[in-house]
*Asks:* 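First the structure, then my questions, so here it is.
Since we're looking at a predicted model, the values are computed, not measured.
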Amino acid sequence: MLLLSVSIPIKRTSGNILISFKIDIRIKRNGIVLTHVKGIPSHIDLLKLLKDFKKEFCCNGCIIEERTIIELHGDRRERVSIFFGREWIM
């Protein structure tokens, strides 16, 4: 059961292309905090991105829902947005 969901829309311009994705934080009933990153462009390899997230943030994570959402354990909203600002590769 979802107790809290906060969305942070992020928009970034690369050349003439506007890229937007959303970072959600979800707190489940038993106290588990999950960060969901969705809306990542399809040409980006999610498995490589997940591996980079796990290495950078020292956390566990997986890809869920038809390989469209990255789920990270813990509240990683700020660190993910900083990561995309620093490492964004088209």
Side-chain angles (χ1 to χ4, degrees):
M1 172 175 244
L2 177 68
L3 293 180
L4 173 68
S5 178
V6 179
S7 297
I8 302 171
I10 296 177
K11 294 186 179 179
R12 205 172 154 86
T13 307
S14 176
N16 295 331
I17 301 170
L18 178 65
I19 297 148
S20 66
F21 58 94
K22 191 184 289 188
I23 302 171
D24 289 338
I25 179 169
R26 297 179 183 265
I27 300 175
K28 295 189 174 181
R29 180 184 298 202
N30 55 358
I32 296 174
V33 178
L34 302 172
T35 303
H36 288 175
V37 182
K38 54 181 149 180
I40 298 171
S42 61
H43 66 276
I44 294 177
D45 183 13
L46 290 183
L47 289 174
K48 183 180 181 312
L49 187 60
L50 175 64
K51 182 179 177 183
D52 291 343
F53 282 163
K54 289 166 72 172
K55 185 177 180 180
E56 179 83 17
F57 307 150
C58 299
C59 69
N60 200 4
C62 60
I63 297 175
I64 57 173
E65 291 191 25
E66 302 293 324
R67 301 178 57 92
T68 59
I69 298 174
I70 294 179
E71 178 181 88
L72 300 170
H73 295 201
D75 182 0
R76 310 285 182 210
R77 292 173 295 178
E78 186 175 327
R79 296 184 78 184
V80 168
S81 39
I82 291 171
F83 180 88
F84 276 115
R86 186 183 70 231
E87 302 283 338
W88 190 264
I89 299 172
M90 287 301 298

*Asks:* Considering only distance and modelled atom types, tabulate donor-acceptor pairs under 3.5 Å from the side chains of residues 58-66, sequence neighbours left out.
*Replies:*
none

*Asks:* Check whether any side-chain heavy atom of Leu72 lies under 4.5 Å from a side-chain heavy atom of Leu50, and answer yes or no.
*Replies:* yes
*Asks:* Who passes side-chain contact (heavy atoms from CB on, under 4.5 Å) against Lys48, sequence neighbours left out?
*Replies:*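 Applying side-chain contact (heavy atoms from CB on, under 4.5 Å) to Lys48 gives Asp45, Asp52.
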*Asks:* At their closest point, which heavy atom of Glu71 faces which heavy atom of His36, and how far apart are they?
*Replies:* OE2-NE2, 2.9 Å
*Asks:* Where is the tightest heavy-atom contact between Thr35 and Arg76, given as atom of each residue plus distance?
*Replies:* OG1-N, 2.9 Å
*Asks:* When clusters are formed by joining ILVMFWY residues with side-chain heavy atoms under 4.5 Å apart, either directly or through shared neighbours, do Val80 and Ile69 land in the same one?
*Replies:*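 Cluster IDs for Val80 and Ile69 differ.
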*Asks:* Tell me every residue that passes ring-ring contact (aromatic ring centres under 6.0 Å, His included) with Phe57, counting only those two or more places apart in sequence or in another chain.
*Replies:*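 Partners of Phe57 by the ring-ring contact (aromatic ring centres under 6.0 Å, His included) criterion, ordered by chain and then number, come out as Phe53.
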